[in-house]
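Quick note on labels: first sequence line is chain A, next is B, and so on, each numbered from 1.
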Amino acid sequence: NAGVTQTPKFQVLKTGQSMTLQCAQDMNHNSMYWYRQDPGMGLRLIYYSASEGTTDKGEVPNGYNVSRLNKREFSLRLESAAPSQTSVYFCASRHRENTEAFFGQGTRLTVV
Amino acid sequence: KQEVTQIPAALSVPEGENLVLNCSFTDSAIYNLQWFRQDPGKGLTSLLLIQSSQREQTSGRLNASLDKSSGRSTLYIAASQPGDSATYLCAVGPPTGTYKYIFGTGTRLKVLA
């Protein structure tokens, strides 16, 4: 049972380049989340998907787009990367609101 | 706006000591609260989830309590071990329907052998 799987684990982009971070969960969870973690700022919610077919903005959505491809997969796209998007990105999922969240291992992104 | 604070930011204790980690939140209208552990360079691992109707949850050497009226949760770790060294984060779940969990910035724990 893999849980939440994120790819890639590391990525270096040049300013202006685009990329998609992939996330897949095999626990049949309904809701999925994308967070970024920055030193001193904790985890901040970028986007979430409460259920298949729906997505909503979190605290810091600017510069990002998401797609809930199916119940298993939730991708995060950076259309034109900026140095301010250098961060560690985490995907998470949970079955329902009153159940615990499970996190992937993270993607360390550097934009130069 | 809900704010979640964890103090202290860092803590060093000798092996075997019992310790308490604190999580404070400003809005008592919460749905649940979850404690996580994060090892360096890794993702978050769920430790305990407390529903708003519960006062505490226990798992092995860990015990988490919740006092909504005072806006506090504590994570008690009994007989600490070097393997407990990690960053501990709490996340507060908002009232039903929003999914926007708010995280504290964590307490970095080091247990000395």
| task | Go through the side-chain N and O atoms of B:Ser46 and B:Trp35 and say whether any donor and acceptor fall under 3.5 Å apart. | result | no
Counting heavy-atom pairs under 4.5 Å with chain A, the top scorer among B:Ser52, B:Gly41, B:Gly43 is B:Gly43
Whatever's closer than 4.5 Å to a heavy atom in chain A on B:Gln6 counts as neither
Among A:Gln37, A:Glu59, A:Gln6, the residue with the most heavy-atom pairs under 4.5 Å to chain B is A:Gln37
Aromatic centroids of A:Tyr33 and A:Phe90 separated by under 6.0 Å: no
Exercise for the section: Ignoring hydrogens and angles, state whether a donor on the side chain of B:Asn22 or B:Arg72 is under 3.5 Å from an acceptor on the partner side chain. Expected result: yes
Does one hydrophobic cluster hold both B:Val4 and B:Ile30, with members joined at side-chain heavy-atom distances below 4.5 Å? yes
When the 4.5 angstrom heavy-atom criterion is applied to A:Arg94 and chain B, the contacting part is side chain
